[in-house]
Peer 1: 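To start, I am sharing the structure in question, which I have written as structure tokens.
Everything quoted here is computed from the prediction, not taken from an experiment. Whatever order the structure lists them in is the order used to number ligands and atoms, beginning at 1.
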Amino acid sequence: MKIGVLALQGDVAEHIASLGDCGVSASGVRSRQEIESVDALVIPGGESTTIAKLAKAFGVFDLIKSRIASGMPTYGSCAGMILIADQILDGGVDQESFGGLGAQVRRNAFGRQVDSFETDLTFAGIGGAPFRAVFIRAPWVESVGAGVEVLASFNGHPVAIRQGHLLATSFHPELTGDNRIHRFFVDQLCKESSKAGI
Ligand code: GLN
């Protein structure tokens with residue numbers, strides 16, 4: 001199982017380290033060939049408009065979109081959540097997403113950079129203590145379609161959702177040293193799809 005972390009912009013190294021803590025050797029990917037060679041993808045936090053523009057400039061936007069649509073396990077954190085949502089609210093002008101995840105996601109929903117915060121969340125599917133979640137100019141999920149499971153919410157808004165092979169969190173688990181969400185992605189989404197032969 002080869003997991004790539006989309007390395008166009010954002011906190012790539014932190015995701016590679018978190019996956020490494022789960023015993024997975026992940027690498028940064030940005031070329032067509034690199035993206036074609038991985039079995040699963042993590043799209044990091046950063047700036048979703050910039051990541052989308054760079055994906056177009058590198059000629060990999062449509063490739064990522066079609067790989068997600070054809071079942072590649074993908075985890076999007078913060079900007080990554082925005083990028084895998086079917087619909088973006090408060091997006092930049094003409095902002096496009098790779099899509100796949102049947103949800104409306106509101107960009108910068110919690111406010112500006114100064115409104116960034118941390119809180120403890122109950123996350124369905126991981127055992128143990130509540131998860132310390134870091135929100136940085138984070139999106140929230142405004143509404144979800146059929147088949148989307150809400151794994152965690154904050155103040156009535158879903159902030160972690162899953163739909164089959166797709167996982168998204170508004171927050172940044174790669175910044176806390178707690179790798180339970182990466183482990184959930186690897187064990188529940190990546191291993192499931194490799195068993196099913198996707
Ligand atoms: N606000 C950013 C965006 O729109 C996301 C911030 C983040 O990834 N920490 O892409």
Peer 1: Is the distance between the ring centroids of Phe117 and Phe171 under 6.0 Å?
Peer 2: no

Peer 1: If the cut-off is 4.0 Å to any non-hydrogen atom of Asn108, which atoms of ligand 1 fall inside it?
Peer 2: 1 (N), 2 (C), 4 (O)

Peer 1: For ligand 1, note which part of Ile82 has a heavy atom under 4.0 Å away: side chain, backbone, both or neither.
Peer 2: side chain

Peer 1: For Phe110 and Phe154, take the angle between the two ring planes, folded into 0 to 90°, and tell me which bin it lands in: parallel under 30, tilted 30 to 60, perpendicular over 60.
Peer 2: tilted

Peer 1: Considering only heavy atoms, which of Gly46, Ser77, Ser48, Gly45 lies nearest to atom 5 (C) of ligand 1?
Peer 2: Gly46

Peer 1: Show me the pairs that pass side chain to side chain donor-acceptor pair (under 3.5 Å) and involve residues 73-88, at least two apart or across chains.
Peer 2: Tyr75-Thr169, Gln87-Gln104

Peer 1: Keeping to residues at least two apart or across chains, list the ring-ring contact (aromatic ring centres under 6.0 Å, His included) pairs with something in residues 78-107.
Peer 2: Phe61-Phe98

Peer 1: How many angstroms lie between CZ in Arg32 and OG in Ser37, if you round to the nearest 0.5 Å?
Peer 2: 12.5 Å

Peer 1: Do Ile3 and Met1 come close enough that some side-chain heavy atom pair is under 4.5 Å?
Peer 2: yes

Peer 1: So which protein heavy atom does atom 7 (C) of ligand 1 come closest to, and at what separation?
Peer 2: Cys78 SG, 2.8 Å

Peer 1: Which ligand 1 atoms does Arg107 reach within 4.0 Å, using its non-hydrogen atoms?
Peer 2: 3 (C), 4 (O)

Peer 1: Taking only heavy atoms of Arg137 into account, list the atoms of ligand 1 that are under 4.0 Å away from them.
Peer 2: 1 (N), 2 (C), 5 (C), 6 (C)

Peer 1: Is there any N or O on Thr49 that sits under 3.5 Å from an N or O of ligand 1?
Peer 2: no

